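As the structure is a prediction and not an experimental result, all values here were calculated from the model.
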Amino acid sequence: MKNGDLSDSLSLYGVTDRTWLPHPFPSKDSQSTALLASAVEDCIIGGTTMIQLREKNASRSDILRIGAAVRDVCRKHGVPFIVDDDIDAALLLRADGVHVGQSDTKAPEARRRIGPDMILGVSVQTVPQAIQAQAAGADYLGAGAVFTTATKSCVSLVGKEQLADICSAVTIPVVAIGGIHSCNIGQLQETGIAGAAVVSALFSAADKTAAAQALIPACRELTQNCTAWHRAAHEHTKRSAVMQSMKAAVFDMDGTLLNSMPMWEHAAELYLKSKNIEPQHDIWDRTKSLDMQQTAVYFKQAYRMPDAVQSIVEEIDGLIYERYAHVLELKDGAAEFLQALSARNIPMVLATSTDRCCAEACLKRLGIADCFTELLTCSELGSGKNKPDIYRKAQHCTGMDAAHTVVFEDALYAGRTAVQAGFPVCAVYDESTSGNGDWQQLQKLSACSCFSFKDLPL
């Protein structure tokens with residue numbers, strides 16, 4: 001079960017809590033395990049559409065024993081069974097999915113371990129966390145706590161406005177969690193969420209079937225008004241239109257094709273420290289829009305360095321060359337996408353702020369150098385991407401008009417420059433843009449966007 005099938009399953013999402021059973025049990029107590037399974041069944045009969053097994057303090061063997069009983073009930077009624085946090089247990093139980101929090105297994109690692117077919121849910125409290133989770137392959141998000149809850153102490157509340165912001169920032173469904181019951185669920189309408197995840201309002205109820213029945217009408221209304229599916233369909237339409245009309249392509253390298261931004265974010269700091277200079281705390285923000293030549297000029301002026309500009313450029317290049325020549329890797333799906341465009345005879349130009357020696361070494365090692373008809377660098381052109389020169393030069397190289405030459409960029413300032421010069425831009429997600437609002441702004445100004453090249457129709 002994936003994607004569209006989740007639209008109904010997320011309406012009323014029950015999260016187990018054994019403390020509400022008639023007598024809290026040692027996990028080896030088969031009678032009490034049966035009581036939990038029975039409680040889950042009562043919830044499902046009342047309309048609960050998904051079940052998560054949450055066992056924070058149980059051993060692996062106990063989780064497997066309890067989980068098998070709950071899983072069998074879910075299978076009986078055709079309801080998805082999710083395991084909280086414990087990926088090994090989820091795999092052993094053959095669960096439908098796993099849910100991880102911000103302090104649990106990181107979402108990219110969780111997705112890698114469970115593969116593409118299992119459901120992945122991620123707990124979030126902020127827009128950047130939500131964007132990062134979707135980029136990591138989450139199928140849905142749990143946002144909260146939205147109301148005060150006794151289930152989790154010392155948690156910050158996610159207000160209605162923030163909940164709406166989270167929903168509008170992603171194209172996957174969001175469920176609210178935390179202190180939700182039949183008397184306050186109506187306050188969550190018009191936020192864009194797909195449903196509610198409920199703990200005590202279900203499992204503390206004497207009549208769990210009735211408790212679920214009291215919640216399900218409002219939950220169904222949330223699902224009907226969920227905006228994620230519409231946003232996802234709209235983005236897919238935009239991607240298809242851009243890819244179909246594309247006659248040429250211009251690719252940025254760092255952060256777009258390569259997972260190289262973490263290296264760049266620390267390169268200036270490493271270089272300055274190698275010269276026994278303490279860098280400004282915001283040195284990355286000050287230099288990220290500059291090409292290598294401009295960066296060297298900035299260093300010379302800001303830190304009163306006696307070195308010649310070209311000498312600074314060469315030293316920085318020497319510091320990072322090794323990474324390009326031997327370490328940095330392509331982003332997921334990039335090689336396949338480039339190959340597909342080559343098969344369509346789409347002329348491609350690489351337009352990068354990185355010096356030629358580093359770019360050529362990296363492209364050759366990765367086996368994609370032949371995909372590009374030209375490699376253009378900002379330093380050779382004498383102009384950074386805050387000006388359209390490199391995009392216009394790339395367009396000239398392809399022989400196509402700007403309106404059909406798609407620019408693939410991850411940086412807001414560069415994407416804005418290309419758009420203002422008349423190029424359609426495909427925004428490519430990079431984690432470096434998720435925390436400061438740049439990604440959302442880049443998405444808004446671009447013709448389409450993608451979290452991965454695998455998102456783009458070929």
Side-chain angles (χ1 to χ4, degrees), residues 234-258 289 291 330-331 333-356 359-360 362-364 366-430 442-458:
H234 181 57
E235 188 59 49
H236 178 75
T237 299
K238 292 197 298 181
R239 290 169 183 163
S240 297
V242 171
M243 294 302 105
Q244 288 173 8
S245 65
M246 178 172 58
K247 294 182 180 178
V250 180
F251 286 89
D252 169 60
M253 186 170 71
D254 294 288
T256 299
L257 290 175
L258 290 182
S289 63
D291 63 28
L330 285 169
K331 285 191 171 182
E336 294 80 2
F337 185 70
L338 293 173
Q339 291 165 4
L341 295 190
S342 293
R344 287 174 52 187
N345 295 315
I346 300 288
M348 292 177 278
V349 174
L350 190 77
T352 179
S353 296
T354 299
D355 277 2
R356 178 175 293 274
E360 287 183 337
C362 191
L363 297 180
K364 182 178 180 180
L366 295 171
I368 59 171
D370 291 342
C371 292
F372 302 101
T373 58
E374 291 285 345
L375 192 166
L376 303 178
T377 70
C378 290
S379 58
E380 291 175 349
L381 286 176
S383 177
K385 289 186 178 180
N386 54 343
K387 295 181 180 179
D389 301 16
I390 196 165
Y391 300 118
R392 289 177 177 153
K393 176 68 173 177
Q395 175 203 344
H396 178 75
C397 292
T398 67
M400 300 296 174
D401 63 320
H404 294 91
T405 301
V406 180
V407 174
F408 294 81
E409 277 283 2
D410 71 296
L412 174 60
Y413 81 97
R416 184 183 289 121
T417 299
V419 169
Q420 291 173 346
F423 294 88
V425 169
C426 176
V428 180
Y429 173 82
D430 188 81
L442 181 59
Q443 281 184 304
K444 289 178 181 178
L445 65 84
S446 298
C448 70
S449 65
C450 65
F451 280 98
S452 164
F453 285 101
K454 290 182 177 180
D455 295 337
L456 300 174
L458 299 175

Side-chain donor or acceptor of [X] paired with backbone N/O of [Y] under 3.5 Å:
X	Y	answer
R239	P457	no
Q395	M400	yes
T373	M348	yes

Just verifying a value: how many Å separate [X] [atom1] and [Y] [atom2], rounded to the nearest 0.5 Å?
X	Y	atom1	atom2	answer
R416	L445	CZ	CG	6.5 Å
H236	L456	NE2	CG	10.5 Å
C362	L258	SG	CG	4.5 Å
C448	H234	SG	NE2	11.0 Å
L366	L330	CG	CG	4.5 Å

Would you check, one step at a time, whether the test side chain to side chain donor-acceptor pair (under 3.5 Å) holds for E380 with T377? CA-CA 5 Å; E380 291 175 349; T377 70; 3.3 Å; yes
Less than 4.5 Å apart, side chain to side chain, heavy atoms only: is that true for [X] and [Y]?
X	Y	result
C450	C426	yes
T352	L376	no
L458	F337	yes
T256	D430	no
I390	S383	no
F451	E235	no

Run the side chain to side chain contact (heavy atoms under 4.5 Å, CB included) check on E374 and L350 step by step: do they pass? CA-CA 6 Å; E374 291 285 345; L350 190 77; over 6 Å; no
Say whether D291 and S379, considering side chains only, have a donor N or O and an acceptor N or O under 3.5 Å apart.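 Their side chains do not contain a donor-acceptor pair, so the 3.5 Å distance test is not met.
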Verdict with supporting geometry, L257 and K331, side chain to side chain contact (heavy atoms under 4.5 Å, CB included): CA-CA 6 Å; L257 290 175; K331 285 191 171 182; over 6 Å; no
Audit row: S289, N386, side chain to side chain donor-acceptor pair (under 3.5 Å) steps and yes/no: CA-CA 7 Å; S289 63; N386 54 343; over 6 Å; no
Give me the atom names and distance for the closest heavy-atom approach of [X] to [Y].
X	Y	result
V349	F372	C-CD2, 3.8 Å
M246	I346	O-CD1, 3.5 Å
A402	P424	O-CD, 3.2 Å

Below 4.0 angstrom, N of the basic side chain to O of the carboxylate: do K385 and E409 qualify? yes
One thing to verify: whether D401 and K247 come together as a salt bridge, which I'm taking to mean a side-chain N less than 4.0 angstrom from a carboxylate O. no
So R344 and L341, side chain to side chain contact (heavy atoms under 4.5 Å, CB included) or not? Walk me through it. CA-CA 5 Å; R344 287 174 52 187; L341 295 190; 4.1 Å; yes
From V407, V406, V242, residue fulfilling side-chain contact (heavy atoms from CB on, under 4.5 Å) relative to V425: V407
Crowded around H404 NE2? As in, over 12 foreign heavy atoms under 6.0 Å?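 It does: H404 NE2 has more than 12 such atoms within range.
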Which of parallel (below 30°), tilted (30 to 60°) and perpendicular (above 60°) describes F408 and F251?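 The rings of F408 and F251 lie parallel, inter-plane angle below 30°.
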Could you walk me through whether D410 and D252 pass the side chain to side chain contact (heavy atoms under 4.5 Å, CB included) test, one step at a time? CA-CA 8 Å; D410 71 296; D252 169 60; 2.9 Å; yes
